[in-house]
Amino acid sequence: MSKKSYRQAINEALRLEMRRDPRVIIMGEDVAGGQGGTSGVVDAWGGVLGVTKGLYTEFGPERVLDTPITEASYIGAAAGAAATGLRPVAELMFVDFVGCCLDQIMNQAAKFRYMFGGKARTPLVIRAMFGAGFNAAAQHSQALYPLFTHIPGLKVVIPSSPYEAKGLLIEAIRDDDPVIFLEHKVMYDDEEDVPDESYTIPFGEANLTREGDDVTIVAFGRMVKLANEAADKLERQGISCTVIDPRTTSPLDRDTILDCVADTGRLVIVDESSPRCNMAADVSALVAEEAFDALKAPIRRVIPPHTPVPFASVLEALYLPDAAKIEAAVKAVMNHKVTEAA
Amino acid sequence: MNASITPITMPKFGLAMTEGKLAGWMVRPGATVRAGDDLADIETSKITNAYESPAAGVLRRQVAQEGEMLAVGALIGVLADADTSDADIDAFIAQFNAEFSAGAAEEADDTPPEPSVMDVKGRSLRVLDIGHGEGDPIVLIHGFGGDIGNWLFNHAALATGRRVIAFDLPGHGGSTKDVGPGSLEFFSSVVVDLLDTLGIDRAHLVAHSLGGAVALTTVKNAPSRVTSLALVAPAGLGPDINMEFIDGFITADRQKTLIPVLSYLVHDKGLIGRKMADDVLRYKRLDGAVDALRQVAAANFTDGRQTDNLRPVLETAPPTLIIWGKDDEILPSSHAANLPDAITVEILPDTGHMPQMERSEEVNTKIRAFLAH
Amino acid sequence: MQIARETLLRSYRAMRTIRDFEERLHVEFATGEIPGFVHLYCGEEASGVGVCANLTDNDTISSTHRGHGHCIAKGVEVSGMMAEIYGKSTGVCRGKGGSMHIADLSRGMLGANGIVGGGPPLMCGAALSHKLLKDGGVAVAFYGDGASNEGSTLESLNLATVWKLPVVFVVEDNGYGEATGSSFAVAGTQKARAEGFGMPYMECDGSDFFAVYQTAGEAIAHARAGNGPVMLHVHLARWYGHFEGDAMTYRAAGEVAEAKRDHDCLELFRKKVTEAGLLEHSELDAIDEAVRDEIESSVIAAKAAPLPGPADLLADVYVRY
């Protein structure tokens with residue numbers, strides 16, 4: 001056990017699984033970097049933000065495959081390799097680039113098993129970074145997990161901390177279905193205690209980062225951290241919150257969400273993704289349908305506006321959910337007064 | 001400072017605790033308390049504990065709100081006599097807080113000792129080795145599914161003037177998950193290996209539950225290495241074992257299913273928090289942990305009974321203290337009946353399977369007194 | 001060229017099976033009993049069979065939406081295919097894939113594909129598996145002249161060379177991408193594309209089984225030996241429309257009739273082997289009869305087979321969920 005960053009935790013998960021299983025390979029743009037350069041330096045980048053650094057040195061060019069900047073071919077190759085005996089972890093760099101290879105994810109990897117009558121296994125992991133907060137603007141900042149969650153056949157994982165990242169990535173690599181593993185780029189330097197050994201966190205089991213009596217907050221990815229910040233502040237003001245980190249949006253731990261809403265009677269959902277048809281909408285529909293009678297106040301969603309992610313810091317801050325917005329939403333549901341019907 | 005005013009501060013339970021949460025006040029403002037009365041429930045990352053009043057008086061202020069997380073040593077309440085003026089109390093709080101935040105900044109480097117992973121004859125074991133002194137060291141041996149965290153409230157207390165070593169048995173905590181046959185003989189050989197590696201000739205073994213049976217086996221196989229035995233709810237002294245706990249501990253894979261299982265461990269069910277369950281889940285998620293538990297259970301609890309009867313060992317054992325919670329739901333305290341006269345048996349009322357956590361002060365006092373003889 | 005008698009018999013049977021399978025579908029589809037839509041491979045049989053005669057179950061192929069021929073050539077069982085096309089639970093995909101998604105991974109058949117250009121990236125991956133697992137296998141991507149323009153295909157040509165993969169890109173050029181001629185839609189030449197990506201280019205007449213068999217054999221041997229990818233350009237004619245029901249108003253009168261008259265791969269095969277004294281007419285007639293019976297019984301069985309049930313709707317989305 002030692003303090004590890006989100007970046008280190010992911011690197012360690014890849015390293016441990018590559019040591020454990022020779023079928024595990026990684027591929028992507030500059031996952032090593034430097035090949036074909038004039039200096040002769042290999043592993044020059046180890047991923048654009050250094051997440052895969054050192055893996056090329058340990059596992060060599062056969063298992064750490066730099067790709068041309070051609071997402072359709074290498075994501076498709078990862079799907080094909082997964083269906084034929086390897087366990088690839090393909091890195092899409094920014095999730096926004098899925099536009100270049102969605103067919104291979106949506107129509108190929110996700111569908112093999114069902115289309116082929118249950119005879120295919122596609123143990124594929126696609127890692128990608130997502131999220132705003134980096135002034136990376138509209139094409140490098142999206143939180144596209146609802147897009148993947150929408151597609152049957154994919155599993156979608158959004159680790160909210162270094163501990164979560166390592167255990168969920170090892171689980172993803174050992175899973176026999178295609179898994180989209182989304183890393184929030186603002187969290188790479190976050191640190192916490194992470195075991196040195198291999199461990200797995202099962203999919204579809206939400207984590208309660210705190211339990212309270214008044215309001216249930218469901219938050220995704222980095223929003224879990226912000227929700228806990230808000231809940232800390234609210235607790236000092238006498239409002240106690242349950243914070244649910246679903247960990248995976250597909251499968252989604254519906255039972256835990258419904259149980260907690262039944263206990264608290266109030267729900268706030270914090271979702272960084274674009275607001276239409278996002279996870280906040282999905283969870284709202286679930287609770288409206290299954291736990292309507294438990295609700296003491298309308299569901300509140302802390303979500304960005306229906307705009308692309310803006311560039312300027314001031315606009316990006318306005319765009320994103322933050323602890324203050326979460327706090328305000330929680331207070332709003334606490335202050336809701338039921339109007340008696342005449 | 002006004003001599004009639006007593007500050008109530010966030011207590012430090014165990015080595016690693018740096019902050020705690022005021023889970024709930026048990027005394028209303030204005031109520032009179034005696035020294036030793038339960039004042040508040042304090043929740044740490046491991047367990048919730050009642051905090052006893054250090055003095056008698058009237059609880060004049062609840063400075064900390066329920067649910068508030070505070071650093072160890074921070075002011076949570078003020079005790080004074082009824083005559084002390086509110087102004088004096090306010091002044092006291094202001095002064096305390098000013099001094100505390102200054103002091104906290106100075107003590108920021110006071111990090112708790114960290115366990116280390118060491119090679120013990122080819123096995124990696126996580127070991128926490130603290131304290132030093134003249135007498136033989138103490139080795140703490142936890143039970144089934146446990147780890148060094150089981151000694152959170154005892155390790156430092158026993159380590160005043162004495163070297164005390166806690167370690168994770170193979171299959172547990174941060175140690176190797178290879179448990180070989182998972183038998184008492186195996187674990188006892190690891191204890192001897194650990195003594196060899198640490199250069200310890202003889203040690204007092206303080207052991208809990210299945211660890212107690214490991215300690216007894218060590219006495220049987222290597223009597224010269226054991227100075228004395230302090231056994232807390234030890235296995236090996238009777239056939240009964242709560243298999244619902246064992247099976248549930250192995251199979252429960254989320255908080256909701258694990259918390260009821262862990263509740264068997266204690267008399268006061270409120271002590272089992274979700275963080276404690278989360279710690280167990282984190283351990284169980286490690287590669288090989290659940291397989292190791294299955295192996296240990298298969299080796300030691302065949303057909304729902306304890307496999308080994310170690311009562312004969314006690315006929316010729318070194319000085320032995322046995323502490324048992326009267327309401328133990330894992331191993332019945334009746335197993336402590338009919339032992340040789342030389343053995344001191346302490347049965348604690350209103351206590352479950354974890355006296356060293358539930359009655360940590362009392363257990364620490366009894367063990368220290370036993371070792372002092 | 002020496003071809004084992006066994007191979008000749010097996011290849012003729014496969015081509016005849018494809019022809020009868022597709023002709024029968026052409027008839028059955030018109031009755032309205034077959035759901036969805038089908039794309040027929042008639043006229044192109046020698047391509048799929050000539051290539052796959054050089055492969056084993058250890059090699060992997062990807063196909064197109066015109067995939068029945070590749071499936072049969074790669075050894076997928078006919079009755080399971082027929083039942084699949086009828087949407088029955090006994091189908092090779094349990095009635096959940098249909099004509100465009102027939103697959104049998106145990107035969108190295110990674111699926112027909114409803115997406116034009118869907119296969120080539122997948123075959124880069126399959127080739128990577130063969131290379132890293134060192135199982136001696138090669139991957140073959142069948143795709144049409146239409147798919148040859150897809151970005152995914154062009155990216156795959158690049159990737160296969162960059163990674164030096166054992167993959168053969170087989171362009172089945174029937175002159176039409178749906179209803180648009182390749183003379184309009186394909187810029188430059190397939191040859192220049194292959195050379196542009198630094199891989200050998202080979203071509204052959206797709207109505208001549210022997211030409212396909214030999215050229216494909218060389219291409220596959222090149223890839224199998226670890227020399228990297230190859231492009232094999234096969235010139236073909238499509239006998240039916242893009243899909244069943246396509247009136248083919250975009251094709252000149254007589255175009256198909258000429259192809260059937262002069263370029264029927266089965267007739268050309270029969271002529272060649274009997275004239276060379278390799279096989280007897282009677283042997284080939286016996287195969288024709290056996291295939292007729294097999295197709296007939298596969299249709300009868302498919303029609304009689306049970307439909308999938310509500311549980312099938314939810315099954316097999318994931319291995320575990």
Side-chain angles (χ1 to χ4, degrees), chain A residues 22-23 25 27 35-36 61-63 65-88 90 100-101 103-104 106-124 152-155 175-178 202-204 250-251, chain C residues 60 62 80 84 89 91-98 100-106 108 110-115 117-133 135 137 139 141 150-160 162-163 165 312 315-321:
Chain A
R23 297 169 302 171
I25 60 168
M27 62 171 77
Q35 301 203 61
E62 281 216 328
R63 297 180 65 198
L65 292 130
D66 273 330
T67 67
I69 304 175
T70 56
E71 290 82 7
S73 64
Y74 80 79
I75 294 293
T84 54
L86 294 176
R87 305 186 78 85
C100 297
C101 57
D103 175 64
Q104 295 294 330
M106 173 174 76
N107 286 323
Q108 311 298 338
K111 305 284 198 287
F112 284 162
R113 187 164 182 82
Y114 195 78
M115 286 193 310
F116 301 164
K119 291 177 191 160
R121 278 169 196 263
T122 313
L124 164 67
L154 299 180
K155 294 174 178 171
D175 195 283
D176 280 337
D177 290 308
F203 293 164
S250 180
Chain C
T60 312
S62 68
E84 184 61 33
S89 67
V92 66
C93 302
R94 296 180 192 163
K96 300 207 294 196
M100 282 188 289
H101 305 299
I102 294 173
D104 186 347
L105 279 85
S106 69
L110 192 54
N113 210 310
I115 304 297
L122 299 174
M123 286 307 97
C124 287
L128 184 65
S129 287
H130 290 306
K131 182 177 171 176
L132 298 190
L133 298 173
D135 61 12
E150 282 277 8
S152 58
T153 302
L154 296 166
E155 286 188 15
S156 298
L157 298 176
N158 183 67
L159 185 68
V162 167
W163 281 353
L165 295 172
D312 295 307
D316 292 327
V317 182
Y318 298 91
V319 177
R320 192 162 59 92
Y321 195 61

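In this text the structure is predicted, and so the values were computed from the model without any measurement. Every chain is numbered from 1, with letters handed out A, B, ... down the list of sequences.
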Heavy-atom contact with chain A under 4.5 Å, split by part of Ala315(C)
backbone
Is it the side chain or the backbone of Leu105(C) that comes within 4.5 Å of chain A heavy atoms, both, or neither?
side chain
At a heavy-atom separation under 4.5 Å, does [X] approach chain C through its side chain, its backbone, both, or neither?
| X | result |
| --- | --- |
| Lys111(A) | neither |
| Thr122(A) | neither |
| Ile75(A) | neither |
| Phe116(A) | both |
| Gln108(A) | side chain |

Verdict with reasoning, Ser156(C) to Thr153(C), per side chain to side chain donor-acceptor pair (under 3.5 Å)
CA-CA 5 Å; Ser156(C) 298; Thr153(C) 302; over 6 Å; no
Show the nearest heavy-atom pair for residues [X] and [Y], with the distance to one decimal.
| X | Y | result |
| --- | --- | --- |
| Lys96(C) | Asp312(C) | NZ-O, 2.6 Å |
| Arg23(A) | Gly85(A) | CD-O, 3.5 Å |
| Gly153(A) | Val317(C) | N-CG1, 3.5 Å |

As an exercise: rank Gly151(C), Ser106(C), Ala103(C) by heavy-atom pairs under 4.5 Å with chain A and give me the winner.
Ala103(C)
Max heavy-atom pairs within cutoff under 4.5 Å with chain A, candidates Val92(C), Asn158(C), Ile102(C), goes to Val92(C)
Taking Glu84(C) for the side chain and Gly97(C) for the main chain, is one N or O donor matched with an acceptor at less than 3.5 Å?
yes
Given Asp176(A), Asp177(A), Asp175(A), the one that forms side chain to side chain contact (heavy atoms under 4.5 Å, CB included) with Arg121(A):
Asp176(A)
